[in-house]
Amino acid sequence: MAIEAKWQERWEARGTNAPDLTRAAKPYYNLMMFPYPSAEGLHVGNVFAFIGADIHGRFRRLAGHDVFEPIGFDAFGIHSENYALKVNMHPEALIPRNIVRFRDQLRRIGLMVHWKHELSTTDPAYYKWTQWVFLQLFKAGHAYRKAGAVNWCPDCKTVLANEQVVDGFCERHPETPVTQRWLEQWFFAITRYVERLLDNLEKLDWSDSTRTLQANWIGRSDGAELVFVTPTGDRIPVFTTRPDTIFGATFLVLAPEHPLVDALTAAEQREVVTQYRRKVSEMDVVARRVGAREKTGVFTGGYARNPATGENVPVWIADYVLMDYGTGAIMAVPAHDERDYEFARLMRLPITQVVAGDQPLPFTSRQGTLTNSGAFDGMRCDESIGKISDWLAERGLGKRQVQFRLHDWCISRQRYWGPPIPIIYCDACGPVGVPEKDLPVLLPETEDFRPDDSGVSPLARIESWYRVPCPQCGAEGRRETDVSDTFLDSAWYFLRYPSTAFADVPFDRALTRQWLPVNSYIGGNEHAVLHLMYARYITMVLHDLGHLDFEEPFTRFRAHGMIVKEGAKMSKSRGNVVVPDQYLAKWGADTFRMYLMFLGPYQEGGDFRDEGIVGQRRFLDKVWDVVHATSMAGRASVPDRVVRKLHQTIRGVSEDVPELRYNTALAKLMEYVNALRKMEPGQKGHGIPASLVEPLVVMLAPFAPHFAEECWERLGHQATVFEARWPAFDAELAKEDQIELVVQVNGKVRARIAASAGLPEAQAIALARADEVVRKFIDTNEIRKIIFVQDRLVNLVV
RNA sequence: GCCCGGGUGGCGAAAUGGUAGACGCAGGGGACUUAAAAUCCCCUGGGGGCAACCCCAUGCAGGUUCGACUCCUGCCCCGGGCACCA
């Protein structure tokens, strides 16, 4: 479209979309989730996301804000690296090529991007500060090392990311079960912030769906930690949400990796226990967690005392108990827990019912009273929870406890394509942070970036790179050869955008104070739990370390919906992925933008069908005609009806747009245009007054920015339409003078009577009763009740 | 299994507890045209009736209410998230 190219050039030349951040009087930071620059280019889902966010930004601008709308590229990580491996290219060469394409596409769809603030996470000037973030956490004791399980494909002989494991098998070798290997890795202690991450959720202006996902991910459970003691005096704490059922705990189950297993195992069981533990350790992390599998386990030969009954119960180990949740040990109450029941039946272990009820076992209902529970018999379950916990606590065998599902964040990746973790190991000093003056630790250039069977990063093969002196003592040291998780790159990028020009700080104090936290963040719920959680966490830590004034990065977050194609999810395997380019070429950006926004509610997504696009083109054509029928003189008389419609439209659209109800906003604009076109030919013959058309063009501008600019210019304006102000509505002028009074008899509509607005109750009722059809229904019956709703309806109840 | 969404014409959808189907697509009829495209006008949930009108209809079954797509209870189906989490 010639018009679109013209305005994109003008915006560029005039700096229309590039506000001076330091001079902004009313800053509004409008953020969208930066894309991973894949080789395929933007797909329609990205485009949908960006356009919705862009419309929001453009609306805010018309409402008088100085809007900063930056974009960047999340170009490190496994996706890029795997693709590079597949096509046998170096990511270093591949990524810039993809970025060029993305930039073109982003311009093409007419985003209000401030290109001077573009960033890429792979740029050393960016990842220098990603490493800096790591160092801040390291220095403050938030980063630590421990052995963690990684996925290992025996065929690829390499570490796999979780995304590469499909139902326990390697995605490239579907015959090969993935196993686990234990490696020393870096973790961020996000669990220290778990309460704040959870509690703050309530205060955030975020989509409910996103907050719910985060809350579930954090997974708070209230319960108790109870202690079973072995004959030799070892204490085995277990976490349970059902301390009320303690009297029914007929055995214990420990995770196979539990540290007490050795001490507990009886001589005659040592053989089977050792074998079982080896077997489990070979299973991969993912397969271990896939439910519905038959449970396995072995008896240790050891016993521990149930703190409530005083009886010694057998201690088993089984794969259904996980070391990394709770205490890695459970008390099994087979009568009231399905998993324990299944295991007890399988292993022929005793089952004791302790909640009264005649349902078949197991039943887990908390509605009931206790039985077989000593002094607590007859007490309601919910009531007994606290009592039993306290009773055990008095003897030092229990305490109330809260557990969270959230784990610490493993940030080590045994890969090439990421920022090297800025640590140097020294025999004398241990792990030492790279001094900040030495940042960035550049990712060394190498052709040999394939992962291999060593279990460590390809960087571990570059001796000249990793051999460095210890920054503390000068002795021989060795760099950390793992790179960091891509999610660390994206956990702070919004802090960098305003400050991209600053080489000596990650983010400038004054600019950050002026522009952050982010006013509006729009993105997909697929990032609800990882990216959004990590970004909140990093922000909180940097706040606590004194680098930021705020602890929550995104004041408002809205999750957009998903675009499906003719009812089905888009995927490469289905071959139904919509590539935006062809549509942009055929219809232009404005028509395409409006089509996507008209599909359905933005926060719910929509169903993409080619047939619908033409409707938006027709609408723009109609607007075009209206603009060209506009009289600059403004002498024609205007029917009240049209003025009323204008003000109703302004009111409706002004309510819809900030709430992201773009589909209904567009529908209202269409109705208004239809009304303009229905004006008497005589009135149109004198031209439609500009006062009726200009507000329309302004309201359309967020949706169809190029088109609106062209219309605005043709209406005689020199400046960009985005210098205009969003129209205000006059409530008086928007008022209807005629209404349709609905008359119901027993709640069924029997008549619609034209009446003037403000008709008093008595008159409305008289009118209603006089109606012929209504009379037929009230007939001889006595009217028992009359409901009157002003300017709406009369309901006669007989 | 648990936690979120959602279920309305041929299709995408709209409706502060108050006229169900706005807006758009598709379809039908007509105008303009030598013709087609484009454009414009009219019709378009189902059924009955010459008509005025009437009956039915928002996944299913109940309930609350003068009145329910909207609120409540139970169930069915679709989409998403979590998942031996104790």
Expressed as a whole number of Å, how far does the [atom1] atom of [N] sit from that of [M]?
N: A83(B); M: C69(B); atom1: C1'; value: 34 Å
N: G74(B); M: C82(B); atom1: C1'; value: 25 Å
N: G67(B); M: A20(B); atom1: P; value: 15 Å
N: U58(B); M: A14(B); atom1: C1'; value: 12 Å
N: G12(B); M: U73(B); atom1: C1'; value: 32 Å
N: G59(B); M: G5(B); atom1: C1'; value: 16 Å

Let me know the distance between [atom1] of [X] and [atom2] of [N], rounded to the nearest Å.
X: Leu599(A); N: A13(B); atom1: CG; atom2: C1'; answer: 10 Å
X: Tyr320(A); N: A83(B); atom1: OH; atom2: P; answer: 19 Å
X: Asp656(A); N: C23(B); atom1: CG; atom2: C1'; answer: 12 Å
X: Gln403(A); N: A86(B); atom1: CD; atom2: P; answer: 9 Å
X: Arg792(A); N: G17(B); atom1: CZ; atom2: C1'; answer: 11 Å
X: Arg752(A); N: C53(B); atom1: CZ; atom2: C1'; answer: 12 Å

For [N], which nucleotide in any strand shown is its Watson-Crick or wobble partner with both distances under 3.5 Å?
N: A83(B); value: none
N: C32(B); value: none
N: C23(B); value: G12(B)

Carboxylate-amine/guanidinium contact [X] [Y], below 4.0 Å:
X: Arg211(A); Y: Asp208(A); answer: yes
X: Glu257(A); Y: Arg277(A); answer: no
X: Lys279(A); Y: Asp319(A); answer: no
X: Asp607(A); Y: Arg609(A); answer: yes
X: Arg752(A); Y: Asp771(A); answer: no

Exercise for review: Would you tell me whether Gln648(A) and Glu736(A) have side-chain atoms, one donor and one acceptor, within less than 3.5 Å of each other?
Suggested key: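 Indeed, the side chains of Gln648(A) and Glu736(A) share at least one donor-acceptor pair under 3.5 Å.
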Per [X] side chain, nearest of listed nucleotides [options]:
X: Lys748(A); options: C56(B), C55(B), C84(B); result: C56(B)
X: Val789(A); options: A13(B), G24(B), G18(B); result: G18(B)
X: Thr212(A); options: C84(B), C3(B), A20(B); result: C3(B)
X: Glu611(A); options: A14(B), C25(B), G18(B); result: C25(B)
X: Ile330(A); options: A86(B), C23(B), G18(B); result: A86(B)
X: Ser221(A); options: U19(B), A86(B), C54(B); result: A86(B)
X: Arg609(A); options: C40(B), C11(B), U19(B); result: C11(B)
X: Pro601(A); options: A13(B), C84(B), C54(B); result: A13(B)
X: Val614(A); options: A14(B), C53(B), A26(B); result: A26(B)
X: Val797(A); options: C23(B), C66(B), A86(B); result: C66(B)

**Study point:** Sugar-phosphate only, base, or nothing, as touched by Arg784(A) at under 4.0 Å among non-hydrogen atoms
**Key:**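 It contacts nothing in the nucleic acid.
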Looking at [N], I'd like to know if its phosphate oxygens (OP1 or OP2) sit under 4.0 Å from a side-chain N or O belonging to [X].
X: Arg405(A); N: A83(B); value: yes
X: Arg750(A); N: U19(B); value: no
X: Asn674(A); N: G24(B); value: yes
X: Arg618(A); N: C25(B); value: yes
X: Arg677(A); N: C40(B); value: yes

Review point. Can you check G9(B) for me, syn or anti if syn means within 90° of 0?
Key: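 It is syn.
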Exercise for review: Return the 5'-most residue of the pair Phe239(A), Glu604(A) with respect to RNA chain B, ranking by each residue's nearest nucleotide.
Suggested key: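 Whichever sits nearer the 5' end wins; that is Glu604(A).
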Exercise for review: Specify the residue among Ser209(A) and Gly326(A) whose closest nucleotide of RNA chain B lies further upstream toward the 5′ end.
Suggested key: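 Mapping each residue to its closest nucleotide by heavy atoms, the 5'-most match is Ser209(A).
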Practice item. Taking all non-hydrogen atoms of both residues into account, name the closest pair between Phe239(A) and Thr327(A) and its distance. Key: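 Smallest interatomic distance, heavy atoms only, reads N-OG1, 3.7 Å.
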Exercise for review: Please confirm whether any donor atom in the side chain of Gln744(A) sits under 3.5 Å from an acceptor in the base of G18(B), or the reverse.
Suggested key: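 Yes.
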Review point. C84(B) base to Lys295(A) side chain: any donor-acceptor pair below 3.5 Å?
Key: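 Looking at the base of C84(B), it does pair with a donor or acceptor on the side chain of Lys295(A) (distance under 3.5 Å).
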